[in-house]
Q: 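Here it is, the structure, as structure tokens.
Labels below follow one simple rule: chain letters A, B, ... track the order of the sequence lines, proteins then strands, and each chain is numbered from 1. The model shown is predicted, which means the values in this text are computed figures rather than measured ones.
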Amino acid sequence: MAGLTNAEIAAALEEIADILDFQGANPFRVRAYRNAARTVGEMTESVADLVESGERDLSSLPGIGKDLAEKIATLAQTGTLPLLEELRSQVPEGVLQILRIPGLGPKRAAALYRELGVTNLDELRQACLEHRVRTLKGFGEKTEAAILEGLELAAQAAQRMYWAVADQIAQSIRQHMEGCKGIRQMEFAGSYRRGKETVGDLDLLVVADNPASVMDHFGRFSGVEKILARGDTKMSVRLQLGLQVDLRAVPEESFGAALQYFTGSKDHNIVLRGRAKDLGLKVNEYGVFRGEKRIAGRTEEEVYAALGLAWIPPELREAREEFAWAEAGTLPKLVEISDIQGDLHVHSDWTDGTASIEEMALAAKARGLSYIAITDHSKRVSMVGGLDADRLRKQWEEIDRLNRRLKGIRILKGVEVDILEEGGLDLPDDVLAEADWVVASVHYGQNQSREKITRRVLEALENPHVACFAHPTGRLIGKRKPYQIDLEAVIHKAAALGKMLELNAHPQRLDLDDVACASAKKHGVLVVIATDAHSVDGLDAMRYGVLQARRGGLTKADVANARPWSELAKLLRRKK
DNA sequence: GCCGTTTTCGGCCCGACTGTTTTCAGTCG
């Protein structure tokens, strides 16, 4: 029997690290807890099971010694830990939130608490607005303004969650509901179905013999914190994770119309209803009507067909070009995860990845890929031990050895070369020339002016060995704004030089976004959907990138890594 | 708190930026 999940154990260890950090504990002790959290969080076997069976000594894991092994075992078995309880009692609730604001680390958070009595984000905002923060030693006007901006972003992020997180929740709700008798149809709608980067709430539609018993069952889902409302056809709950979920029971003959209506987007539906009106029809969540007579509603296909349109994939429903395409029968056949043949941005334990090159390659093979580019950081990214020319060449020798040994997966000799602050690349051309695949990216000087950062990126693209520009805006959704970069100029340059742009599949990045993808496609720029994986599990992010690409209207032909490597290699040789 | 050891103590990734200072602490990646 399993106790706490690995994720829950990791969260507890992270919380200990946060509190110790806040209290100014030995930073290496803090790091030990964070390392352990990461180790546990990334393990595929259940730690609770390992403890139970006694089959493996936890202290044999990297970064986990005798002490942490015992603490983890206690956590796994009892669900809690005396140390954690004690630490929690020592700090006011909410104060750790302060550490999530960019620019505020343990020292400043402690100062805000000690000097101003700030114990949560609301009080922090108040203190900034009253200009009390700037009076503290080490703080000033600019810091105060930066904190306010950070609070704004945090507030936005708190209201919505990453699609990937919403997806996990949706899957477990679906699984729970599948145990309920009498549900004839069931589908999630809303921005989740459209694959938006973030999701504000979940809408679940069902056709059921007995809606009341379905609602009873829904209310028993383990994640439900509170039932907010319940009527005959609609029930709303709030989950412990803060997400609201609405369940709607709809009549079978209206399921398609309801699904269409609640999937949105709002703008898409406005256009749709306008179109219906032009045809002398009316559309609502119950169906398409001519006068009083329902002429469609059972399926979405039926609804769109009644309006003279092909069925539009949810990802495209943003009131952009989808109606024109649906009318003309030119809707793109959107790229699918099964089209993906390789991953062209992956890290290994030569820099900040957690797995060896071989482990990453085998994991990629297990995921059905036929090639993978190892693109570790260059030396400028010193914090992670970025590679210089010598180490990079050593890595490539290792890759040669692996390629001779491994079957069914080709490992490409790649690098993620840093675009330096003052322009230029972090590795000499003769080294880059030896690589199979070079992605260039920005890590430093992210706050430069639009002109400056754009110029250095355009210059990097001009280097004949650079094939692709990675995470092109640098944004972290809800956390960090994009660079001030002129993306259109980058797309034009890429088109002119035959360079590719990355759609980074990490659920917090997902740049290029849908609009930029569409622009790249329009200009004939190939998009590389890549995971930027730093672990074996990181390779699973590919599907988030594919979803974003679909929202941008990309087809298999628009995605570079939906092609075999031999074809890409030919393209690259031609451009050099 | 972990780890390795010239084995029980000392090092643990470190350079750059920002905003604050007036020589540097804090934060970030």
Q: Determine the interatomic distance between C1' on B:dT23 and the same-named atom on B:dT18; round to the nearest Å.
A: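 To the nearest whole Å, 15 Å.
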
Q: Quick check: on DNA chain B, is the nucleotide nearest A:Ile64 upstream (toward 5') of the one nearest A:Glu144, or the reverse? Name the residue that is more 5'.
A: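 Its nearest nucleotide lies further toward 5', so the answer is A:Ile64.
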
Q: So if I take every side-chain heavy atom of A:Asp67 and compare against B:dG1, B:dG26, B:dG19, which nucleotide ends up nearest?
A: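 Looking only at side-chain atoms, A:Asp67 lies closest to B:dG1.
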
Q: Determine, using ring centers only, whether A:His506 and A:His471 are less than 6.0 Å apart.
A: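 Aromatic pair excluded; centres sit 6.0 Å or further apart.
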
Q: Would you say B:dG1 has OP1 or OP2 under 4.0 Å from some side-chain N or O of A:Tyr33?
A: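 Answer yes for this pair, as a side-chain N or O of A:Tyr33 is under 4.0 Å from OP1 or OP2.
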
Q: Between B:dG15 and B:dT7, how far is it from one P atom to the other, in whole Å?
A: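 My reading of the P atoms in B:dG15 and B:dT7 gives 29 Å.
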
Q: For B:dT8, give its Watson-Crick or G-U wobble partner with both distances under 3.5 Å, or none.
A: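 With both distances under 3.5 Å required, B:dT8 matches none.
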
Q: Between B:dC9 and B:dC14, how far is it from one C1' atom to the other, in whole Å?
A: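 To the nearest whole Å, 23 Å.
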
Q: I need the CZ-P distance between A:Phe139 and B:dT21, as an integer number of Å.
A: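 The distance from CZ of A:Phe139 to P of B:dT21 comes to 11 Å, rounded to the nearest Å.
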
Q: Rounded to the nearest angstrom, tell me the gap between atom CG in A:Asp376 and atom P in B:dC13.
A: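 In whole Å, B:dC13 P and A:Asp376 CG are 17 Å from each other.
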
Q: For the ring pair A:Tyr113 and A:Phe22, is the centre-to-centre distance below 6.0 Å?
A: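 Ring centroids of A:Tyr113 and A:Phe22 are less than 6.0 Å from each other.
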
Q: I'd like to know if A:Asn26 reaches the base of B:dG1 with its side chain, counting only an N/O donor and acceptor under 3.5 Å.
A: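 Indeed, a donor on one side and an acceptor on the other fall under 3.5 Å apart.
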
Q: Given B:dA16, is OP1 or OP2 found less than 4.0 Å from the side-chain N or O atoms of A:Ser382?
A: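 For B:dA16, OP1/OP2 do not have a side-chain N/O of A:Ser382 under 4.0 Å.
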
Q: Nearest-Å distance, CG (A:Asn447) to P (B:dG19)?
A: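 From A:Asn447 CG to B:dG19 P: 9 Å.
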
Q: Classify the nucleic acid contact of A:Arg108 as base, sugar-phosphate or nothing, counting any heavy atom under 4.0 Å across all strands shown.
A: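 Sugar-phosphate only.
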
Q: Say you pick atom C1' in B:dC28 and the same atom in B:dC13; how far apart are they, in whole Å?
A: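 It works out to 13 Å between them.
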
Q: Any donor-acceptor pair under 3.5 Å linking the side-chain atoms of A:Asn561 with those of A:Asp343?
A: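 No, no side-chain donor-acceptor contact under 3.5 Å.
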
Q: Base, sugar-phosphate alone, or nothing: which one does A:Arg380 contact when heavy atoms must sit under 4.0 Å apart?
A: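 Touches sugar-phosphate only.
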
Q: What nucleotide among B:dC13, B:dG29, B:dG19 has an atom nearest to a side-chain atom of A:His443?
A: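 So the side chain of A:His443 is nearest to B:dG29.
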
Q: Give me the distance, rounded to whole Å, that separates B:dT6 from B:dG1 when you measure between the C1' atoms they each carry.
A: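 Those two atoms are separated by 24 Å.
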
Q: Using the P atom as the reference point in each nucleotide, state the distance between B:dT22 and B:dC17 in Å, no decimals.
A: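 Taking atom P in both B:dT22 and B:dC17, they lie 22 Å apart.
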
Q: Taking NZ, NE, NH1 and NH2 as the nitrogens, is one of them in A:Arg450 or A:Asp486 under 4.0 Å from a carboxylate oxygen of the other?
A: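 Answer for the salt bridge query: yes.
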
Q: May I ask you to say what A:Pro106 touches in the nucleic acid, namely base, sugar-phosphate or nothing, with a heavy-atom cut-off under 4.0 Å?
A: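 Result for A:Pro106 = sugar-phosphate.
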
Q: Parallel, tilted or perpendicular for A:Trp163 and A:Tyr192, by the 30°/60° rule?
A: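 Parallel, since the angle between the ring planes stays under 30°.
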
Q: Have a look at A:Gly385 and say if it touches a base, only the backbone sugar-phosphate, or nothing, with a 4.0 Å heavy-atom cut-off.
A: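 Contact class for A:Gly385: none.
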
Q: Side chain of A:Leu68: nearest nucleotide among B:dG26, B:dA16, B:dC2?
A: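 Of all the options, the side chain of A:Leu68 is nearest to B:dC2.
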
Q: Using a strict cut-off of less than 4.0 Å between a Lys/Arg side-chain nitrogen and an Asp/Glu carboxylate oxygen, indicate whether A:Glu422 and A:Arg456 qualify as a salt bridge.
A: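 No, A:Glu422 and A:Arg456 are not salt-bridged.
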
Q: Among B:dA16, B:dG1, B:dT27, find the nucleotide with the atom closest to the side chain of A:Phe28.
A: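 Of all the options, the side chain of A:Phe28 is nearest to B:dG1.
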
Q: What is the distance, rounded to the nearest whole Å, between atom NZ of A:Lys379 and atom P of B:dG29?
A: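 My rounded result for the distance is 22 Å.
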
Q: Between A:Lys107 and A:Leu136, just flag the one whose closest nucleotide in DNA chain B comes earlier from the 5' side.
A: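 Mapping each residue to its closest nucleotide by heavy atoms, the 5'-most match is A:Leu136.
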
Q: Over how many whole Å does the gap from A:Leu99 atom CG to B:dG26 atom C1' extend?
A: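 Those two atoms, CG and C1', are 13 Å apart.
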
Q: Taking atom C1' in both B:dT5 and B:dC12, what distance in whole Å separates the two?
A: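 That atom pair is separated by 15 Å.
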
Q: If we take the P atom in both B:dT20 and B:dA16, what is their distance in whole Å?
A: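 Each nucleotide's P atom is 22 Å from the other's.
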
Q: Send over the distance from A:Arg475 CZ to B:dG29 P, rounded to a whole Å.
A: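 Between P of B:dG29 and CZ of A:Arg475: 17 Å.
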
Q: Using a cut-off of less than 4.0 Å, is there contact between a side-chain N or O of A:Arg34 and OP1 or OP2 of B:dG1?
A: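 So the side-chain polar atoms of A:Arg34 never come under 4.0 Å of the phosphate oxygens OP1 or OP2 of B:dG1.
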
Q: Atom NZ of A:Lys137 to atom C1' of B:dT22: distance rounded to whole Å?
A: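 In whole Å, B:dT22 C1' and A:Lys137 NZ are 11 Å from each other.
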
Q: For A:His534 and A:Asp532, indicate whether the former's side chain and the latter's backbone hold a donor-acceptor pair under 3.5 Å.
A: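 Yes, A:His534 side chain to A:Asp532 backbone: donor-acceptor pair under 3.5 Å.
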
Q: Given atom CD1 of A:Ile98 and atom P of B:dG26, what is their separation to the nearest angstrom?
A: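 Nearest whole value for this atom pair: 16 Å.
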
